[in-house]
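Every value quoted in this text rests on a predicted model; they were computed, and no experiment measured them.
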Amino acid sequence: MSISHYSGPDAFKGISTASISDALDTFGINGGLEGLKPLGPGMALAGPAYTLQYEPVPEGEAAQAGEFIDEVPEGCVVVIANGGRQYCTVWGDLLTHTAKIKGLGGTVIDGCGRDATAILQTGYPLFSLGSYMKSGKNRVKLAARQEPVTIRGTVVCPGDIVAADDSGVIVIPKDMAKQVFRRAKEIEAMEELILLDIQNGMPMKEARIKHRYNQYALRVNV
């Protein structure tokens, strides 16, 4: 079968997170950010991670909104580690409009965003635990940027590739991007052949055996 060559993070656009997950499994890598969902159906993204770490503000102290958006390079996916906090937000409509103007790839939050209606109207891809209206100002503060962060038990490093669709969010370690891309494309091609045979009347079990379906669940050497 003919498999496309890896050409950078954009190559993961259009590849399902399910195929990416299956590919990561064969390398013994999790990558999934459990519980994060798209703000609306049909949202998808793929791009290098620009990581941000937030932490709580001690009671009685003041902290302004995190200022970072002007420094995020075009095409990057903003990845915000807010510790799963859902009592306040770290993203809203002003950040969304700025991100759209700058050509950013999307935003992933271990926590909440707000201004959901306005964001949905822009079509900007936002993945999070949910929506809540309370501002993060004076509740959480930006503590670090472009450092490794942990989201839902998965470490995300700056430059790792983040992909997301209706099935959720997954992270590909940057040093494994080429191998994972090739494996994911092989899996998609194999499943297309199985589906074609099923549509032509072949029993699914037979089609899976013919195209070595279970072989693609085996670990491979890096």
Side-chain angles (χ1 to χ4, degrees), residues 1-49 75-77 79 105-110 123-129 148 150-222:
M1 71 186 80
S2 176
I3 303 296
S4 302
H5 292 291
Y6 180 70
S7 58
D10 281 351
F12 282 96
K13 291 180 178 178
I15 301 179
S16 74
T17 57
S19 295
I20 294 170
S21 177
D22 287 353
L24 286 172
D25 280 346
T26 67
F27 294 108
I29 300 170
N30 173 25
L33 305 187
E34 186 176 343
L36 302 189
K37 300 177 181 179
L39 180 61
M43 288 184 170
L45 58 79
C76 282
V77 174
V79 177
T107 297
V108 171
I109 309 170
D110 186 12
Y124 180 80
L126 174 65
F127 291 74
S128 67
L129 292 174
T150 299
I151 293 183
R152 320 307 291 170
T154 294
V155 176
V156 185
C157 295
D160 283 350
I161 298 165
V162 183
D165 57 23
D166 285 327
S167 293
V169 184
I170 197 158
V171 178
I172 304 104
K174 55 189 173 185
D175 60 348
M176 290 293 296
K178 291 181 180 179
Q179 297 96 314
V180 173
F181 170 78
R182 181 172 180 82
R183 192 66 171 175
K185 293 295 286 185
E186 289 174 351
I187 289 168
E188 287 199 331
M190 174 269 298
E191 292 191 348
E192 288 174 4
L193 292 173
I194 290 174
L195 179 58
L196 181 61
D197 280 345
I198 291 171
Q199 291 172 336
N200 288 330
M202 183 180 292
M204 185 169 72
K205 180 179 179 180
E206 183 179 338
R208 282 180 167 177
I209 293 172
K210 175 183 175 182
H211 297 290
R212 302 170 57 245
Y213 178 81
N214 288 321
Q215 289 296 112
Y216 287 87
L218 298 178
R219 291 281 293 272
V220 296
N221 294 322
V222 178

Engineer: To the nearest 0.5 Å, tell me how far I161 CD1 sits from M176 CE.
Structural biologist: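 With rounding to 0.5 Å, CD1 (I161) is 11.5 Å from CE (M176).
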
Engineer: Hey, does the side chain of T154 reach the backbone of G32 with a donor-acceptor pair shorter than 3.5 angstrom?
Structural biologist: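 Checked: pair present.
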
Engineer: Find out whether P173 and I29 are in side-chain contact, i.e. whether some heavy atom of one side chain is under 4.5 Å from a heavy atom of the other.
Structural biologist: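 When only atoms from C-beta onward are counted, I29 and P173 do touch, with a gap below 4.5 Å.
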
Engineer: With sequence neighbours left out, which residue pairs that include part of residues 157-172 fulfil the side chain to side chain donor-acceptor pair (under 3.5 Å) condition?
Structural biologist: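 Found T17-D165.
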
Engineer: Who pairs with F127 by ring-ring contact (aromatic ring centres under 6.0 Å, His included), at least two apart in sequence or on another chain?
Structural biologist: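 By the ring-ring contact (aromatic ring centres under 6.0 Å, His included) rule, F127 matches no residue at all.
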
Engineer: Who pairs with E206 by side-chain contact (heavy atoms from CB on, under 4.5 Å), at least two apart in sequence or on another chain?
Structural biologist: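 Counting only residues at least two positions away or on another chain, E206 forms a side-chain contact (heavy atoms from CB on, under 4.5 Å) with M202, P203.
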
Engineer: C76 and side chain to side chain contact (heavy atoms under 4.5 Å, CB included): which partner among P158, P48, P9?
Structural biologist: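 Looking at P158, P48, P9, the match for C76 under the side chain to side chain contact (heavy atoms under 4.5 Å, CB included) is P48.
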
Engineer: Could you name each residue pair satisfying side chain to side chain donor-acceptor pair (under 3.5 Å) that touches residues 193-204, not counting sequence neighbours?
Structural biologist: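 Listed by first then second residue: D197-K210, D197-H211.
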
Engineer: State the CZ-OH distance between R182 and Y6, to the nearest 0.5 angstrom.
Structural biologist: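 So the CZ of R182 and the OH of Y6 are separated by 14.5 Å.
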
Engineer: Considering non-hydrogen atoms only, spot the tightest contact between L36 and V169 and give its length.
Structural biologist: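 Closest approach of L36 to V169: CB-CG2, 3.9 Å.
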
Engineer: Testing the basics here: between A49 and V79, what is the closest heavy-atom pair and its distance to 0.1 Å?
Structural biologist: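 Smallest heavy-atom distance, with atoms named: CB-CG2, 3.8 Å.
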
Engineer: How close do G14 and E188 get, counting heavy atoms only, and between which atoms?
Structural biologist: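 The answer is O-OE2, 4.4 Å.
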
Engineer: Distance-only, no hydrogens or angles: does the S16 side chain make a donor-acceptor pair with backbone N or O of S19 under 3.5 Å?
Structural biologist: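 Yes; at least one donor-acceptor contact below 3.5 Å.
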
Engineer: Could you tell me whether the side chain of L129 reaches within less than 4.5 Å of the side chain of I109, counting heavy atoms only?
Structural biologist: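 Of all side-chain heavy-atom pairs linking L129 with I109, none is under 4.5 Å.
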
Engineer: Pairs in or reaching into residues 12-39: which pass salt bridge (Lys or Arg N to Asp or Glu O under 4.0 Å), with residues at least two apart or in two chains?
Structural biologist: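 Listed by first then second residue: D10-K13.
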
Engineer: Using side-chain heavy atoms (C-beta onward) and a distance below 4.5 Å, is L33 in contact with I170?
Structural biologist: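 No - every pair of side-chain heavy atoms lies 4.5 Å or more apart.
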
Engineer: Atom OH in Y124, atom OG1 in T107: separation rounded to 0.5 Å?
Structural biologist: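 So the OH of Y124 and the OG1 of T107 are separated by 3.0 Å.
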
Engineer: Starting at CG of N30, measure out to CG of L24 and round the result to the nearest 0.5 Å.
Structural biologist: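 With rounding to 0.5 Å, CG (N30) is 8.0 Å from CG (L24).
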
Engineer: What distance do K185 atom NZ and I20 atom CD1 have between them, rounded to the nearest 0.5 Å?
Structural biologist: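 Answer for the NZ-CD1 pair, K185 versus I20, is 10.5 Å.
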
Engineer: Which residues satisfy the side-chain hydrogen bond (donor to acceptor under 3.5 Å, both in side chains) test with R152, sequence neighbours excluded?
Structural biologist: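 R152 satisfies side-chain hydrogen bond (donor to acceptor under 3.5 Å, both in side chains) with D110 only.
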
Engineer: Please give me the minimum heavy-atom distance between P125 and G105, naming the atom from each residue.
Structural biologist: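 The pair with the smallest heavy-atom distance is CG-O, 3.3 Å.
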
Engineer: Nearest 0.5 Å please: distance from the CE atom of M190 over to the CZ atom of R208.
Structural biologist: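 With rounding to 0.5 Å, CE (M190) is 9.0 Å from CZ (R208).
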
